[in-house]
Amino acid sequence: MFVNVDGTLMSAGRVFCIGCNYAEHVRELHGFEEIPPVIFMKPAESLVAPGAVLSPPPSYTGQFDYETELVFMIGRSGRAVAEAEAADFIGAIGIGCDLTLRTLQKELRSKSLPWECSKAFENSAPLGVLHKYDPGCDDIDSLQFSGMINGELRQQGNSKDMIYPVRRLIVEISRYWELKVGDLIFSGTPQGVGALADNDEIKLTDHRQQTYTWRVNYVQ
């Protein structure tokens, strides 16, 4: 799989995803504010370029949710052992959506079972064009982004509201995996997640005010 970085196609690496990283989103789902960083993964095959049609798996009939997220691409290999050096590992920044089979996720969680099937299914990670990280204009501690459904603003977030900022996330991931060029970090979603319906249009706006759209189609 490839990702678009300012018009250049690059090989995608692993897709690391962060759960429960915005306080208001944690409250709307779980009723409490802070838990340790939740790290899970999606296969690179889950990535979907702008303009594509999105659908849940054919066998699924439950709630199908959107989660708008800032995405950071790793630009150098190695391990970040301290937050002071973590930003040096950022190669590009963009926006994506962590699609979730919410009904299935709740069922699996209620049985204390792994919930990869509810998160890591095919086409579960729509991703916009990434932009090369420029420390001079990209303040990673204050990146604003938003998500709209059918023209209605549903989510608006800023990296300053992350429970665990991206530097901390890079260090946490480095504890277990050596980072590789092309790895992606979906950094968590703010409040306002909700269900998708057939023919919905998803429009995401990144930190540089670039917009990307996808359409939902339940017809299998």
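What you are looking at is a predicted structure, and each value in this text was computed from that prediction instead of being measured.
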Could you report the tightest heavy-atom contact between [X] and [Y], atom names first, then the distance?
X	Y	answer
Q63	T103	N-OG1, 2.8 Å
A12	L47	CB-CD1, 3.6 Å
P50	G128	CG-CA, 3.9 Å
A86	A80	CA-CB, 4.1 Å
S174	L179	OG-CD1, 3.4 Å
C137	R208	SG-NH2, 3.9 Å

Under 4.5 Å side-chain linkage, directly or through intermediates, the cluster mates of M148: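 Members besides M148, by chain and number: L153.
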Other than V53, what residues sit in its cluster of Ile, Leu, Val, Met, Phe, Trp and Tyr side chains whose heavy atoms are under 4.5 Å apart, directly or through others?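 V53 clusters with nothing; isolated.
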Q105 and T100: side-chain contact (heavy atoms from CB on, under 4.5 Å), yes or no, with the steps? CA-CA 8 Å; Q105 184 189 41; T100 303; 3.8 Å; yes
Check the pair I74 / V181 against side-chain contact (heavy atoms from CB on, under 4.5 Å), numbers first and verdict last. CA-CA 5 Å; I74 297 300; V181 175; 5.6 Å; no
Under 4.0 Å between a side-chain nitrogen and a carboxylate oxygen: does that hold for E152 and R154?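 Salt bridge present between E152 and R154.
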Is any side-chain N of the basic residue among R102 and D65 closer than 4.0 Å to the acidic one's carboxylate O?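 Salt bridge present between R102 and D65.
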My understanding is that only residues two or more places apart in sequence, or in another chain, count here; which of them pass salt bridge (charged side-chain N to carboxylate O under 4.0 Å, His left out) with D183?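 Counting only residues at least two positions away or on another chain, D183 forms a salt bridge (charged side-chain N to carboxylate O under 4.0 Å, His left out) with R14.
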Does a side-chain heavy-atom distance below 4.5 Å link [X] with [Y]?
X	Y	result
Q144	Q156	yes
I39	I173	yes
P126	I202	no
N123	L99	no
S187	L169	yes
V38	I18	no
R215	N199	yes
F64	L101	yes

Whether [X] side chain and [Y] backbone form a donor-acceptor pair below 3.5 Å:
X	Y	value
E69	I95	no
D206	Q210	yes
S124	K119	yes
S159	I140	yes
T189	T68	yes
S142	D139	no

Residue K42 excluded, over 12 heavy atoms near NZ under 6.0 Å: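 Yes, because the 6.0 Å sphere around NZ of K42 holds more than 12 heavy atoms from other groups.
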So, using side-chain contact (heavy atoms from CB on, under 4.5 Å) as the criterion, who are the partners of [X] when residues are at least two apart?
X	answer
P114	E116
E178	R79, K180
E83	R167, R168, V171
A52	V48, W214

Checking side-chain contact (heavy atoms from CB on, under 4.5 Å) for the pair M73/V3: CA distance, chi angles, key distance, verdict? CA-CA 10 Å; M73 190 186 80; V3 294; 4.0 Å; yes
Salt bridge (charged side-chain N to carboxylate O under 4.0 Å, His left out): pairs with one or both residues in residues 50-64, sequence neighbours excluded: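 For residues 50-64: none.
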In the single-linkage hydrophobic clustering (I, L, V, M, F, W, Y; side-chain heavy atoms under 4.5 Å), do [X] and [Y] co-cluster?
X	Y	result
F145	Y164	yes
L54	V71	no
L196	Y212	yes

Does the pair D138 and K132 meet the rule for a salt bridge (Lys or Arg N to Asp or Glu O under 4.0 Å), with working shown? CA-CA 9 Å; D138 296 324; K132 292 180 181 178; over 6 Å; no
side-chain hydrogen bond (donor to acceptor under 3.5 Å, both in side chains) partners of N4, counting only residues at least two apart: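 Partners of N4 under the side-chain hydrogen bond (donor to acceptor under 3.5 Å, both in side chains) test: none.
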For I163 and Y22, what are the C-alpha separation, side-chain angles and deciding distance, and is it a side-chain contact (heavy atoms from CB on, under 4.5 Å)? CA-CA 6 Å; I163 298 172; Y22 287 81; 5.7 Å; no
Ring pair (Phe, Tyr, Trp, His ring centres under 6.0 Å) contacts touching [range] (sequence neighbours left out):
range	value
residues 89-114	none
residues 114-136	F40-W115, H131-H207
residues 177-198	F16-W177

